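The block underneath contains the structure these notes are about, expressed in structure tokens.
Since the structure is predicted, the reported quantities are computational estimates derived from the model, not experimental observations. Here is the naming used below: chain letters follow the sequence lines, and residue numbers restart at 1 for every chain.
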2 protein chains.
Amino acid sequence: MKYIEKLRNSGLRPTKQRLQICEVLFDTEKTFHFTINDLANKIKKQLNNKISLATIYNTVHAFEKKGYLKQIPINSNQTYFDTNVSDHHHFYDLKEEKLIDLENSDVGPINILKKINGKKIKSVEVLVKLED
Amino acid sequence: MKYIEKLRNSGLRPTKQRLQICEVLFDTEKTFHFTINDLANKIKKQLNNKISLATIYNTVHAFEKKGYLKQIPINSNQTYFDTNVSDHHHFYDLKEEKLIDLENSDVGPINILKKINGKKIKSVEVLVKLED
DNA sequence: ACACTTTTTTAGAACCATTATAAAGTAGAT
DNA sequence: ATCTACTTTATAATGGTTCTAAAAAAGTGT
Ligand SMILES: [Mn+2]
Ligand SMILES: [Mn+2]
Ligand SMILES: [Zn+2]
Ligand SMILES: [Zn+2]
């Protein structure tokens with residue numbers, strides 16, 4: 001299993017549940033955006049065994065903390081995550097309620113001119129809302 | 001009252017509660033960011049009478065719909081609103097959990113190169129996360 | 001002022017995503 | 001095999017937000 005190493009190196013024990021969640025999240029060609037609910041459904045469909053919701057939450061948060069997932073800042077009652085952890089931006093289609101990746105190259109360089117004393121920039125994220 | 005007209009023109013009846021919320025929100029020199037909970041506390045402190053939480057929610061949503069308030073896209077369990085409805089951006093201080101305005105002039109011009117068929121851009125919002 | 005309609009406020013219930021709990025299970029070390 | 005720390009799990013609790021439906025207030029016409 002290719003994820004055993006990855007988990008071990010992160011100080012996470014490679015349990016059956018974590019490995020299966022890795023498969024669902026990272027064994028795809030393309031990266032994708034999801035909510036916990038999306039992920040739970042995907043797991044139910046792809047896997048024959050059940051993983052408790054608490055474990056899904058725990059695992060997603062553990063992976064996020066290790067940098068294998070990113071949270072996307074957006075106003076929604078559910079939290080959105082991204083398997084694309086590269087530095088990039090998003091369209092948000094208001095009608096469809098869907099996120100679309102916007103690569104850094106699709107956005108001109110962003111230069112933050114204002115400085116805040118004693119603070120440094122950790123990330124710069126652009127959200128472009130779309131309407132019809 | 002200067003807000004009576006404003007509310008009438010928006011098709012909102014100028015009730016005592018709405019006028020009082022207007023005072024708390026718009027009678028200040030500076031614009032500010034708030035959650036519903038912040039606003040409820042502010043109302044409790046500034047006003048002698050009580051406004052029910054349901055009315056605060058209703059009013060904030062009504063004002064947002066009319067464009068007198070903006071929702072700020074951010075990952076939090078609470079929804080953040082802004083009395084600054086101009087086109088602008090935000091710093092988010094992760095340690096202090098505070099938002100700071102970032103005027104358009106503090107950010108270089110943003111050019112979204114990618115186009116989505118049949119959709120047009122409604123807004124472009126930048127969130128700059130700050131750490132120590 | 002009064003009657004009538006529509007909108008608004010309100011307390012409280014309901015909703016529901018997320019987090020906490022604590023007991024049972026598992027992984028890794030010795 | 002034993003021990004210990006970590007993990008999973010079902011379930012309860014939490015808490016922001018929305019819903020409900022009855023009372024109050026606002027607007028309209030007379
Ligand atoms: Mn979360
Ligand atoms: Mn809201
Ligand atoms: Zn993305
Ligand atoms: Zn602002």
Nearest whole Å is fine: how far is [N] [atom2] from [X] [atom1]?
| X | N | atom1 | atom2 | value |
| --- | --- | --- | --- | --- |
| B/D38 | D/dG15 | CG | C1' | 15 Å |
| B/I56 | C/dT10 | CD1 | P | 9 Å |
| A/N58 | D/dT7 | CG | C1' | 8 Å |
| B/Y80 | D/dG16 | OH | C1' | 13 Å |
| A/N41 | C/dA17 | CG | P | 11 Å |
| B/I36 | D/dG15 | CD1 | C1' | 14 Å |
| B/N49 | C/dA11 | CG | C1' | 16 Å |
| A/Q78 | C/dA17 | CD | P | 5 Å |

Under 4.0 angstrom, heavy atoms only, what part of the nucleic acid is B/N37 near: base, sugar-phosphate, or nothing?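 It contacts nothing in the nucleic acid.
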Can you give the donor-acceptor pairs under 3.5 Å from side chains of residues 32-41 of chain A to other protein atoms, not counting sequence neighbours?
{"unit_1": "A/H33", "atom_1": "NE2", "unit_2": "A/D82", "atom_2": "OD2", "d": "3.1"}
{"unit_1": "A/H33", "atom_1": "NE2", "unit_2": "A/H90", "atom_2": "NE2", "d": "3.1"}
{"unit_1": "A/H33", "atom_1": "NE2", "unit_2": "A/D101", "atom_2": "OD1", "d": "2.8"}
{"unit_1": "A/T35", "atom_1": "OG1", "unit_2": "A/N37", "atom_2": "N", "d": "3.4"}
{"unit_1": "A/T35", "atom_1": "OG1", "unit_2": "A/D38", "atom_2": "N", "d": "3.0"}
{"unit_1": "A/T35", "atom_1": "OG1", "unit_2": "A/D38", "atom_2": "OD1", "d": "3.4"}
{"unit_1": "A/T35", "atom_1": "OG1", "unit_2": "A/D38", "atom_2": "OD2", "d": "3.2"}
{"unit_1": "A/T35", "atom_1": "OG1", "unit_2": "A/Q78", "atom_2": "NE2", "d": "3.3"}
{"unit_1": "A/D38", "atom_1": "OD2", "unit_2": "A/T35", "atom_2": "N", "d": "2.9"}
{"unit_1": "A/N41", "atom_1": "ND2", "unit_2": "A/N37", "atom_2": "O", "d": "3.4"}

For nucleotides 13-16 of chain C, list the nitrogen or oxygen atoms of the protein found under 3.5 Å from its nitrogen or oxygen atoms, one pair per line.
none

Between A/P14 and A/I4, the two heavy atoms sitting closest are CG-CG2, 3.9 Å
Where do A/P73 and A/L127 come nearest, in terms of heavy atoms and distance?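 Where A/P73 meets A/L127 most closely, the heavy atoms are O-CD2, 4.0 Å.
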Where the side chain of A/R18 is defined as all heavy atoms beyond and including C-beta, which of D/dA10, D/dT8, D/dT17 is the nearest nucleotide?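 The closest nucleotide is D/dT8.
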Of the nucleotides D/dT17, C/dT18, C/dT8, which one has an atom closest to the side chain of B/Y57? D/dT17
Is there a side chain to side chain contact (heavy atoms under 4.5 Å, CB included) between A/I43 and A/Q20? Walk through the geometry before answering. CA-CA 8 Å; A/I43 287 169; A/Q20 288 183 328; over 6 Å; no
At less than 4.0 Å, is any side-chain N or O atom of [X] found next to OP1 or OP2 of [N]? Yes or no.
| X | N | answer |
| --- | --- | --- |
| B/H61 | D/dT18 | yes |
| B/T79 | D/dG16 | no |
| A/S52 | D/dT8 | no |
| B/Q17 | D/dA25 | no |

In this structure, are over 12 heavy atoms from other groups packed under 6.0 Å from A/K115 atom NZ? yes
For B/K114, look at atom NZ and say whether over 12 heavy atoms of other residues, nucleotides or ligands are found less than 6.0 Å away.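 For B/K114, atom NZ is crowded (more than 12 foreign heavy atoms under 6.0 Å).
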Is the positively charged end of B/K70 above the ring of B/Y80, judged by distance under 6.0 angstrom from the centroid and angle within 45° of the axis?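 Negative - B/K70 is either too far from the ring of B/Y80 or too far off its axis.
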Does NZ or CZ of B/K129 lie under 6.0 Å from the centre of the six-membered ring of B/F91, at an angle within 45° of the ring axis?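 Cation-pi check for B/K129 and B/F91: fails.
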Less than 4.5 Å apart, any side-chain heavy atom of A/T79 and any of A/F81? yes
If you define the side chain from C-beta out and look only at heavy atoms, does anything of A/N104 sit under 4.5 Å from A/H89?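 Yes, side chains in contact.
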Nucleotide by nucleotide, nucleotides 21-30 of chain C touches protein heavy atoms under 4.0 Å in the pattern (B base, S sugar-phosphate only, - none) ------BS--
Relative orientation of the end axes in the helix from C/dA1-D/dT30 to C/dT30-D/dA1, expressed as an angle to the nearest 10° (five pairs per end): 30°
Between B/K50 and B/L12, who's closer to the 5' end of DNA chain C by nearest nucleotide?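 Its nearest nucleotide lies further toward 5', so the answer is B/L12.
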B/D27 meets the side-chain contact (heavy atoms from CB on, under 4.5 Å) criterion, sequence neighbours left out, with B/K2, B/Y3, B/E23
List in chain and number order the residues that pass salt bridge (Lys or Arg N to Asp or Glu O under 4.0 Å) with B/D132, two or more places apart in sequence or in another chain; answer none if no residue qualifies. A/K119, B/K95
